[in-house]
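Structure record follows, encoded as structure tokens.
Position 1 is the first residue of the sequence, and the numbers go up from there.
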Amino acid sequence: MGKKNYPPQRDFTYEPVGLLTNVSRRRLCDFREDPKTHYSGRLGLNLAGHCGNGLAPSATGFYITPYAPGACLPPEKNKNPEKSGAKSQKAQKFSFSLFMLLAAFCPLTLLPGCDLLANSPMEFIEEHTGVATATGWSGRRLPEGQTPVTRPDGAVAIPPGDSLIAVRLHNPRNYSLSLELLYSGTPGSAACTAVQESSDTVLITITGAALDDEYHLTLILKSPDRLREFQPYTLPALRCLSFTAALADIQIDGGAIDLSPSFDGAAAEYTAGVSEAVTAVTIAGTLLDSSASLTLNAQPAGDAEDVVCPLDAAINIFTLRVRAQNGVSFKDYRITVYRGDPASLLAFYFSIDGKTYGFGAGTQSGSGSINGTDITISLPYGTDVSSLSPVITIFPGAAINPAPGTVDDFTNSKTYAVSGGEGSTRTYTVTVKAQGQGAVGFTFTGPADESIDLSDQVLVWKDDTPLNLLASGPYASWQWYLDGAAMSGETSAGLNMSARDFSAGKHTISVRVEKDGRLYSKEAVISVEGL
């Protein structure tokens, strides 16, 4: 008996198309052809092909990769190569036609177990081939350091010491991945480690980084058995830079003009005062970290450099901005220089429900005014003016009596005496009123007043303070209206209500009366807030 000639051995391969871009060609079925175990035309997701028919996914479905006809027939079945080849060609064509028919029902025939109601074919393939990729990063704050930040040039700044970076993963199979870090640069004595925190997060820790160290890290992701390597992820360049953005000192005219409060490094707001004759001062900021940069009103300024600052008005505001070496972290110091009478009262207001009422910077528009030394302040309806604590700003170096923050009764006008640092004094009179305080009267004098409109009377109403509206006149009937709708049962001359009876916002209350068969009306607008 002659020696049998077996066909050459073949590897069975899976050719990813458009999906597993991180793997160019992967052997999923490394079977060897064996005449005893060979089955022609086997189809399935995990068998990319079997001799005659090769199956691989494409962006729109699947295609078949044909092989030489009859190449996989066992030798004892292939005694006549020509006939066997012709039959194999016919079988090949039949198999191809049958497969194309089945391909129309791809999710049912080619993706066993695919749930059409839950996954598309491409989602099914992605899920069951175990794609794992990194999609981005974010910095995490450590107790002893700052959060890594992205610089304008795209690099990532990390502080000296320890830093923690979280890399986000797309990991549909929830692999417990095998991780490696490749890095280059100037790491010095710092150590870099990567640990998988969860199925979708890898934590990279950099320990002991020193200024000017630079790292170029690439995260290698592998399957648990370390046989499959996924797409590596390269982080932006990491640079160890200073995060310190602070001043060690601020001086005006070389320290000749006092700051209020005295510079302590923590405060960011300072004031100073000069007489009206002063038209310019110099301001200098001393950096706590020489690697930082400094600007004054957005213009570059040197470390401890005296910058001339003109004074053009009674109130002059200057901003020193310190930007850290990392190019991102910064801190602003605001200096307000007042120019005028040292006995000036600069602001007087009350803070109620998060809003400020009075005069001075930042107060509610129209809530207060000053005329010479007379100050008038209007507060919301219902405010108890018998127990108020004002906020007062005086000229730097001056003194005031009573002292700011003292609780006082403003039912009647109060006086405040301001003494300037140069011996000048000035007395201010403060008058406080609550809007709509007391009963609001609707007065009718006769039929001639048939179109009286009180819409210019706006009452600001807060909390549960009752609102008393009183209408008077020789009328036979009364009817009150809220936002144009008649109020049931409100048919007397007076109306007593609470702010709780309204929603927040503006409302119109009106009253209509009848006399000699004719109707007359008046209305008022109220604004409800502070509920």
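Contact of the Ile158 side chain with the Asp213 side chain is not registered, since no non-hydrogen atoms from C-beta on lie closer than 4.5 Å. Side chains of Asn171 and Asp200 form no contact here, defined as non-hydrogen atoms less than 4.5 Å apart. When side chains are defined from C-beta on, Ile394 does not count as touching Tyr416, because their heavy atoms never get closer than 4.5 Å. Side-chain contact check for Gln325 versus Leu211: some heavy-atom pair is nearer than 4.5 Å. No side-chain heavy atom of Val274 sits under 4.5 Å from any side-chain heavy atom of Ile252. Taking 4.5 Å as the limit, some side-chain heavy atom of Arg151 sits within range of a side-chain heavy atom of Leu241. Under the 4.5 Å side-chain criterion, counting only non-hydrogen atoms from C-beta, Val432 is in contact with Val430. The side-chain heavy atoms of Arg226 and Glu180, taken from C-beta on, include a pair separated by under 4.5 Å.
Other residues, nucleotides and ligands contribute more than 12 heavy atoms inside 6.0 Å of the CG atom of Asp264. Applying the 6.0 Å contact sphere to CD of Glu276 captures no more than 12 heavy atoms from other residues, nucleotides or ligands.
Between Phe263 and Tyr333, the ring planes lie tilted relative to each other; the angle falls in the 30° to 60° range. By the 30° and 60° cut-offs, the orientation of the rings of Phe410 relative to Phe348 is perpendicular.
Asp289 and Ser291 are linked by a side-chain donor-acceptor pair at a separation below 3.5 angstrom, with hydrogens and angles left out of the test. Ser329 and Asn326 share a donor-acceptor pair across their side chains, judged by distance under 3.5 Å alone. In the model, Thr431 has a side-chain atom that pairs as donor or acceptor with a side-chain atom of Ser413 under 3.5 Å. In the model, Thr363 has no side-chain atom that pairs as donor or acceptor with a side-chain atom of Thr356 under 3.5 Å.
The minimum heavy-atom distance linking Gln479 with Ala486 is given by the pair NE2-CB, 3.9 Å. Here the shortest heavy-atom pairing between Leu287 and Ala292 reads CD1-O, 3.4 Å. Closest approach of Thr135 to Leu169, counting heavy atoms only: OG1-N, 4.4 Å. Nearest heavy atoms, Pro224 versus Tyr175: CD-CD2, 3.9 Å. Contact between Asn316 and Pro310 at its shortest, heavy atoms only, is OD1-O, 4.2 Å. Nearest heavy atoms, Ala347 versus Gly360: CB-CA, 4.0 Å.
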Go through the steps for Leu179 and Leu181 under the test side chain to side chain contact (heavy atoms under 4.5 Å, CB included), then give the verdict. CA-CA 7 Å; Leu179 307 175; Leu181 270 182; over 6 Å; no
As a quick check of understanding, evaluate side chain to side chain contact (heavy atoms under 4.5 Å, CB included) for Phe318 and Leu296, giving each step before the final call. CA-CA 7 Å; Phe318 303 95; Leu296 176 58; 4.1 Å; yes
Please walk me through it: do Leu203 and Arg140 pass side chain to side chain contact (heavy atoms under 4.5 Å, CB included)? CA-CA 9 Å; Leu203 292 183; Arg140 292 195 180 179; 3.6 Å; yes
With side chain to side chain contact (heavy atoms under 4.5 Å, CB included) as the test, would you mind laying out the steps for Leu221 and Gln196 before giving the verdict? CA-CA 10 Å; Leu221 307 173; Gln196 186 174 1; over 6 Å; no
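With values rounded to the nearest 0.5 angstrom, Arg228 atom CZ is found 14.0 Å from Ser178 atom OG. With values rounded to the nearest 0.5 angstrom, Thr319 atom OG1 is found 6.0 Å from Asp332 atom CG. Atom OG of Ser260 is separated from atom CZ of Phe395 by 11.5 Å, given to the nearest 0.5 angstrom. Here the OG1-CD1 distance, from Thr415 to Ile375, works out to 11.0 Å after rounding to the nearest 0.5 Å. For the atom pair CZ of Arg323 and CG of Leu294, the computed distance is 11.5 Å after rounding to the nearest 0.5 Å. For the atom pair OH of Tyr183 and CG of Leu238, the computed distance is 12.5 Å after rounding to the nearest 0.5 Å.
One N or O on the side chain of Arg168 and one on the backbone of Trp137 form a donor-acceptor pair closer than 3.5 Å. No donor-acceptor pair under 3.5 Å is formed between the side chain of Ser386 and the backbone N or O of Asp409. In this structure, Tyr428 contributes its side chain and Leu345 its backbone to a donor-acceptor pair below 3.5 Å. For Asp253 (side chain) and Thr282 (main-chain N/O), a donor-acceptor pair under 3.5 Å exists by modelled atom type. No donor-acceptor pair under 3.5 Å is formed between the side chain of Arg426 and the backbone N or O of Ser344.
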